[in-house]
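Encoded as structure tokens, the structure appears first; notes follow it.
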Amino acid sequence: MAGGHMKYRTLSRSSAHRQALLRNLVTALFKHESITTTWHKAKEAQRLAEKLVTLGKRNTQAAKDKAESIFFEHKLVPKLFSTIRERYATRPGGYTRVLRIEPKREDQAASAILELVDSPVDTRFAMTARAVAAERAGIRPASEVTEGNKIKATRFRGPGAEKEFENMVKRFEQLDMKRKWAEGEREKWEDWEEAQRWDANGVEAGGKKPKGRREGWEKWIVDGRRVERKERVYPDLERSRL
């Protein structure tokens with residue numbers, strides 16, 4: 001009916017341009033398994049990505065031909081019908097996830113992470129492991145919500161899910177230990193720098209210089225000013241921004 005409500009976002013593009021954009025997005029998604037884009041693009045690409053996983057689970061020649069007509073990189077077709085199909089063999093649906101993040105600094109556009117669920121770079125899986133590590137360290141009290149999120153994050157990841165989750169928790173625990181050590185080293189350096197006194201001949205009159213280099217512990221320090229500005233404080237993940 002003319003003038004009816006649109007059931008999809010046009011993304012301010014013509015039909016051909018919109019289809020090319022979505023094909024490009026899902027190609028990058030299945031290549032990297034996690035991408036960062038605007039929220040509206042992520043929601044539209046999510047629909048096409050879900051259909052592609054459904055095609056992979058059908059595993060027919062017609063499904064392969066359809067997937068090959070969508071991907072810009074045809075080498076991703078074998079991945080879809082092998083790795084991806086086996087990963088989601090027991091999952092009834094919900095193969096992708098959209099997570100809102102801070103807006104892009106250039107134009108403040110609403111941004112989001114579009115990722116494949118249960119992938120090696122699953123953000124929800126890592127966030128749950130981080131919460132468990134904080135609870136075990138006594139940083140935050142134990143919560144039933146965290147336990148429920150753990151069950152959800154490991155339900156369809158296969159027989160080695162529990163071991164994989166514990167390894168992720170240990171990585172965060174080691175990261176916290178590194179940060180505590182770095183904070184202690186920074187205090188030593190600040191105390192030494194404050195105690196520095198030089199005489200007329202340039203001879204040091206302060207305390208003993210701490211061992212090691214500043215570069216060894218500075219990379220583990222979280223800058224509070226960067227957190228206030230909502231900038232990333234962890235190393236950049238291998239995602240492509242489109």
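Only this structure's heavy atoms are used, side chains among them; waters, hydrogens and symmetry mates stay out. What you see is a predicted model, and the numbers here were worked out from it, not measured in a lab.
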Check: Can you check whether R13's main-chain N or O pairs, donor with acceptor, with T10's side chain at less than 3.5 Å?
Finding: no
Notebook entry, point to check: What is the distance from atom CZ of R58 to atom NZ of K66, rounded to the nearest 0.5 Å?
Noted result: 10.5 Å
Next item on the list: Taking the side chain as every heavy atom from C-beta outward, state whether L175 and R179 have any atom pair closer than 4.5 Å.
Entry: yes
Next item on the list: Would you kindly confirm whether L116 and V98 end up in one hydrophobic cluster when ILVMFWY residues are joined by side chain heavy atoms under 4.5 Å apart?
Entry: yes
Margin query: Run E33 and R87 through salt bridge (Lys or Arg N to Asp or Glu O under 4.0 Å) and show every step you take.
Written below: CA-CA 13 Å; E33 305 201 7; R87 180 188 301 168; 3.2 Å; yes
Item checked: Nearest-0.5 Å distance, CG of residue L48 to CD of residue Q19 -> 7.5 Å
Next item on the list: Sorted by first residue and then second, give each side chain to side chain donor-acceptor pair (under 3.5 Å) pair with at least one member in residues 88-99; sequence neighbours left out.
Entry: Q46-T96, E50-T96, K57-Y95, R91-D118, R97-E115, R97-D122
Margin query: How close do L114 and A45 get, counting heavy atoms only, and between which atoms?
Written below: CD2-CB, 3.8 Å
Note to self: As an exercise, state the distance from CE of M168 to CZ of R130, rounded to the nearest 0.5 Å.
What the structure shows: 12.0 Å
Next item on the list: Measure from the side-chain N and O atoms of N167 to the backbone N and O of K163, and report whether any donor-acceptor pair falls under 3.5 Å.
Entry: yes
Next item on the list: May I ask you to establish whether R157 and F125 are in a cation-pi arrangement, using a distance under 6.0 Å from NZ or CZ to the six-membered ring centre and at most 45° from the ring axis?
Entry: yes
Next item on the list: From the options L29, T27, I70, select the one residue that forms a side-chain contact (heavy atoms from CB on, under 4.5 Å) with L52.
Entry: I70
Margin query: Quick check against the 3.5 Å criterion: does R140 have a side-chain atom that pairs as donor or acceptor with the backbone of V132?
Written below: no
Next item on the list: Measure across A110 and R100 and return the closest heavy-atom pair with its distance rounded to 0.1 Å.
Entry: CB-NH1, 4.0 Å
Next item on the list: Starting at NZ of K79, measure out to CG of L76 and round the result to the nearest 0.5 Å.
Entry: 6.5 Å
Checklist line | Rounded distance (nearest 0.5 Å) linking atom OG1 of T123 with atom CD1 of I113 | finding: 4.5 Å
Item checked: Shortest non-hydrogen separation from A49 to F30 and the atoms involved -> O-CZ, 3.8 Å
Note to self: One pair to check against side chain to side chain donor-acceptor pair (under 3.5 Å): S111 and E102. What are the steps and the verdict?
What the structure shows: CA-CA 6 Å; S111 301; E102 67 274 10; over 6 Å; no
Next item on the list: Establish, yes or no, whether the cationic atom of K64 lies under 6.0 Å from the six-membered ring centre of F81 and within 45° of the ring axis.
Entry: yes
Note to self: Could you measure the distance from the OG1 atom of T36 to the CD1 atom of I101? Nearest 0.5 Å is fine.
What the structure shows: 4.5 Å
Margin query: Between E147 and K152 (salt bridge meaning N to carboxylate O under 4.0 Å), is one present in this structure?
Written below: no
